[in-house]
Engineer: 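My structure is below; once you've seen it, I'll send some questions.
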Amino acid sequence: MSIFFYQVVLALFPVGVILAFLEHKNSVKNHLLPSLFGLCLSLFVFGLFKISINTDNGKIFFDIICIIMLLLTPLCVKFKGSYFVNLFSFFLAFGYGYEYGFISMNFPIFAGDLLDSLSLSNLFMVCFASALLVGIYFAFKSVLKAIPNAFKYAFLSIFVILFLASRVSFLALSLMQEGILQTYSNLLSIVAKIIYFDSFLPVILPAFLMIISFISLAYLPRKIDRSNVVLYRINVAQRIFRFKAVFYTVFLSVLIAFVSLFYILIASKPPQISTPDIVEPMDGEFRFDANLVRDNKLHRFAYISDNGKEIRFFIVNRFKDKLAPVAVFDACAICGDMGYIKSGDNLICISCNVRIFLPSVGKPGGCNPIPFEYKFDGKEIKISLEAIEKGSTFFSKVVRKVVTDPVSRNKISNDSKFSYVYYGKTYFFQNEQNQAKFEQNPEIYTETNGVLKELK
């Protein structure tokens with residue numbers, strides 16, 4: 001859920017920060033309303049681009065709008081006419097609003113046709129982030145009133161440069177992807193680093209705001225004595241007002257940074273699969289007690305083939321109320337070998353986050369785990385070594401394994417440079433001579449199913 005909060009802050013925080021620096025008496029009329037209208041219109045335009053035109057092409061256009069608006073920021077500081085500020089607020093939000101639509105495109109707030117608890121939670125996080133941004137806009141705007149113009153415009157310049165670097169980098173990347181701008185390795189490296197830095201803006205910007213807030217405390221009105229009651233009360237009111245502005249700015253900044261940091265460091269990381277139990281076949285077969293799955297948990301195993309491939313598979317019960325185990329590879333034909341985790345009555349593909357209803361596990365197609373042949377006699381689950389080894393192509397992880405040289409019968413590592421494939425099984429050798437002997441008469445040393453023969 002924190003991703004919905006993070007996306008709002010990442011896309012729209014720059015709008016609130018820039019507008020807070022623009023002095024105007026009626027903030028709601030000249031800043032918030034035009035910004036809200038621009039945001040709504042940009043999301044509507046994004047929806048049109050998503051239906052009829054490539055959204056990547058639209059992003060180029062809107063990145064250009066953002067860059068133009070950022071370059072016009074000094075003019076807003078100089079010319080404080082309401083019409084100019086209104087237009088600036090509108091187009092700044094219009095440009096950044098498309099960015100929000102673009103980064104949230106693959107994460108719909110409403111996951112299905114029904115308004116379920118998950119959708120409501122997602123909507124709450126969007127509204128919560130929006131409310132915090134509005135709150136920090138007003139609080140930070142009050143903080144800036146206490147700071148001399150020289151400091152204020154210096155910080156504004158820093159923010160504008162940060163935001164310009166971000167937008168220009170995204171624009172350059174889009175142009176390189178479209179083939180409009182030639183790709184240079186040095187340029188691409190700089191662009192990639194700035195874009196990576198941009199992902200931390202929801203944490204960096206609150207830090208800047210807190211620093212500015214603490215600096216503003218140095219410019220608090222000095223305490224005066226009570227000789228003039230009216231001036232004294234005005235002085236107390238001003239000091240309380242400034243303290244409140246600093247407090248709310250710092251409090252909201254910490255809250256935004258905390259949730260954003262939680263997403264960056266924890267929530268954005270894909271779930272990790274459990275460590276598989278390494279198993280070895282007996283007489284060319286894996287056997288598992290069916291009662292193993294009565295706990296309704298996912299039981300993950302792995303077989304290390306002689307060529308070092310870690311072939312993962314798992315056994316899970318498809319129904320809670322009866323014993324119905326199913327064995328499948330821990331890989332997807334579409335998404336690869338990142339694996340699956342179990343959540344309630346569903347499997348979740350770690351790669352694409354698709355939820356799979358347990359009763360459908362074992363069926364081929366879609367994002368289902370890749371099935372293989374196995375036997376279930378009511379007591380045991382039996383899986384042939386041949387069936388497992390057929391799945392080696394679905395996995396990429398290679399590990400070292402101790403294997404037997406079929407000629408000398410010495411234990412060696414599977415990273416030996418001497419190897420030979422016989423009936424689909426890879427054999428490793430201590431030296432070139434052993435490999436040559438095996439290649440000449442392999443039937444002396446092993447059965448076609450891979451079982452080593454006794455040497456005479």
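Just the heavy atoms: all of them, side chains too, but no hydrogens, waters or symmetry mates, feed the values below.
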Engineer: Could you check whether any side-chain N or O of Lys342 sits under 3.5 Å from a backbone N or O of His299, counting only pairs where one atom can act as donor and the other as acceptor?
Structural biologist: no

Engineer: Which atoms form the tightest heavy-atom contact between Val250 and Ser213, and what is the distance?
Structural biologist: CG2-CB, 4.1 Å

Engineer: How far does CZ of Phe241 sit from OG of Ser142, to the nearest 0.5 angstrom?
Structural biologist: 3.5 Å

Engineer: Suppose we call two aromatic rings close when their centres sit under 6.0 Å apart. Are Phe94 and Phe62 close by that rule?
Structural biologist: yes

Engineer: Measure the shortest side-chain to side-chain distance between Leu173 and Gln177 over non-hydrogen atoms and say whether it is less than 4.5 angstrom.
Structural biologist: yes

Engineer: Run the side-chain contact (heavy atoms from CB on, under 4.5 Å) test on Val316 and Val326 for me, step by step, so that the C-alpha distance in whole Å, both residues' side-chain angles and the decisive distance to 0.1 Å come before the verdict.
Structural biologist: CA-CA 6 Å; Val316 67; Val326 59; 3.6 Å; yes

Engineer: Does Ser185 offer a backbone N or O that forms a donor-acceptor pair with the side chain of Ser189 under 3.5 Å?
Structural biologist: no

Engineer: Give a yes or no on whether Phe372 atom CZ has more than 12 heavy-atom contacts from other residues, nucleotides or ligands under 6.0 Å away.
Structural biologist: yes

Engineer: Taking the side chain as every heavy atom from C-beta outward, state whether Ile68 and Phe91 have any atom pair closer than 4.5 Å.
Structural biologist: no

Engineer: Measure the shortest side-chain to side-chain distance between Tyr303 and Glu310 over non-hydrogen atoms and say whether it is less than 4.5 angstrom.
Structural biologist: no

Engineer: Say you draw a straight line from CG of Leu217 to CD1 of Ile147; how long is it, rounded to the nearest 0.5 Å?
Structural biologist: 9.5 Å

Engineer: Are Tyr263 and Phe5 close enough, and set up right, to give a ring-ring contact (aromatic ring centres under 6.0 Å, His included), and what steps lead you there?
Structural biologist: CA-CA 9 Å; Tyr263 170 75; Phe5 180 98; 9.8 Å; no

Engineer: Distance-only, no hydrogens or angles: does the Ser260 side chain make a donor-acceptor pair with backbone N or O of Ala257 under 3.5 Å?
Structural biologist: no

Engineer: Which pair of non-hydrogen atoms, one from Ile315 and one from Ala327, has the smallest distance, and what is that distance?
Structural biologist: CG1-CB, 4.0 Å

Engineer: Counting distance only, does the side-chain N/O of Tyr6 pair as donor-acceptor with the main-chain N or O of Ser199 below 3.5 Å?
Structural biologist: yes

Engineer: For the aromatic rings, using the six-membered ring if either is Trp, is the centroid distance between Phe140 and Phe21 under 6.0 Å?
Structural biologist: yes

Engineer: Compute the centroid of each ring, for Phe155 and then for Phe208, and state whether the two points are separated by less than 6.0 Å.
Structural biologist: no

Engineer: Identify the heavy atoms of Leu72 and Phe88 that sit nearest to each other, and give their distance.
Structural biologist: C-CE1, 4.2 Å

Engineer: Measure the spacing between NZ of Lys59 and CG of Leu171 and express it to the nearest 0.5 Å.
Structural biologist: 8.0 Å

Engineer: Could you measure the distance from the CG atom of Leu92 to the NE2 atom of His31? Nearest 0.5 Å is fine.
Structural biologist: 10.5 Å

Engineer: Whether the side chain of Lys141 engages the backbone of Val17 through a donor-acceptor N/O pair (distance < 3.5 Å, no angle test) should be reported.
Structural biologist: no

Engineer: Any side-chain heavy-atom pair from Leu187 and Met176 closer than 4.5 angstrom?
Structural biologist: yes

Engineer: Whether the side chain of Ser392 engages the backbone of Glu389 through a donor-acceptor N/O pair (distance < 3.5 Å, no angle test) should be reported.
Structural biologist: yes

Engineer: Looking at every non-hydrogen atom in both residues, tell me the closest pair between Val134 and Leu32 and how far apart they are.
Structural biologist: CG1-CD1, 4.4 Å

Engineer: Side-chain contact test, heavy atoms from C-beta onward, threshold under 4.5 Å: evaluate it for Ser360 versus Asn368 and give yes or no.
Structural biologist: yes

Engineer: Under 6.0 Å from the CZ atom of Phe200, do we count more than 12 heavy atoms belonging to anything else shown?
Structural biologist: yes

Engineer: So, do Val279 and Phe313 sit near enough that their side-chain heavy atoms are less than 4.5 Å apart?
Structural biologist: yes

Engineer: Contact between Phe128 and Val8 at the side-chain level, heavy atoms closer than 4.5 Å - yes or no?
Structural biologist: no

Engineer: Would Met210 and Val254 count as a side-chain contact (heavy atoms from CB on, under 4.5 Å) if you check the C-alpha gap in whole Å, the side-chain angles of each, and the deciding distance to 0.1 Å?
Structural biologist: CA-CA 8 Å; Met210 285 189 283; Val254 169; 3.6 Å; yes

Engineer: Just how far is it from atom CG of Leu43 to atom CG of Leu48, taken to the nearest 0.5 Å?
Structural biologist: 11.0 Å

Engineer: Looking only at atom types and distance, does a side-chain atom of Arg300 sit under 3.5 Å from a main-chain N or O of Tyr340, one as donor and one as acceptor?
Structural biologist: yes

Engineer: So, using ring-ring contact (aromatic ring centres under 6.0 Å, His included) as the criterion, who are the partners of Phe394 when residues are at least two apart?
Structural biologist: Phe329

Engineer: For a quick test of reading the model, state the closest non-hydrogen atom pair linking Tyr137 to Gly16 and the distance between them.
Structural biologist: CD1-O, 3.6 Å

Engineer: If you count heavy atoms of other groups shown closer than 6.0 angstrom to CD of Glu373, is the number above 12?
Structural biologist: no

Engineer: Does a sphere of radius 6.0 Å around CZ in Arg239 hold more than 12 heavy atoms from other residues, nucleotides or ligands, not counting ones at 6.0 Å or beyond?
Structural biologist: yes

Engineer: Crowded around Phe138 CZ? As in, over 12 foreign heavy atoms under 6.0 Å?
Structural biologist: yes

Engineer: Under 4.5 Å between any side-chain heavy atoms of Tyr98 and Ile65, yes or no?
Structural biologist: no

Engineer: Against the six-membered ring of Phe319, is Lys322 placed for a cation-pi contact (under 6.0 Å from the centre, within 45° of the normal)?
Structural biologist: yes

Engineer: Could you measure the distance from the CD1 atom of Ile67 to the OG atom of Ser166? Nearest 0.5 Å is fine.
Structural biologist: 9.5 Å

Engineer: Taking the six-membered ring of Phe395 (Phe, Tyr or Trp), confirm whether the NZ or CZ of Lys309 is under 6.0 Å from its centre and within 45° of its axis.
Structural biologist: no

Engineer: Pair Ile304, Ile278 - check side-chain contact (heavy atoms from CB on, under 4.5 Å), show working.
Structural biologist: CA-CA 7 Å; Ile304 310 300; Ile278 305 299; 4.2 Å; yes

Engineer: Tell me the closest heavy-atom pair linking Val191 and Ser169, and the distance in Å.
Structural biologist: CG1-O, 3.4 Å

Engineer: Under a 3.5 Å distance rule, please check whether Asn317 uses its side chain to pair with a backbone N or O of Asp295 as donor and acceptor.
Structural biologist: no

Engineer: Do Phe301 and Phe288 have their ring centres less than 6.0 Å from each other?
Structural biologist: yes

Engineer: Between Lys193 and Phe197, is the side-chain contact (heavy atoms from CB on, under 4.5 Å) condition met? List the steps.
Structural biologist: CA-CA 6 Å; Lys193 289 175 182 177; Phe197 171 82; over 6 Å; no

Engineer: Measure from the side-chain N and O atoms of Asp63 to the backbone N and O of Val168, and report whether any donor-acceptor pair falls under 3.5 Å.
Structural biologist: no

Engineer: Distance-only, no hydrogens or angles: does the Arg312 side chain make a donor-acceptor pair with backbone N or O of Asp337 under 3.5 Å?
Structural biologist: yes

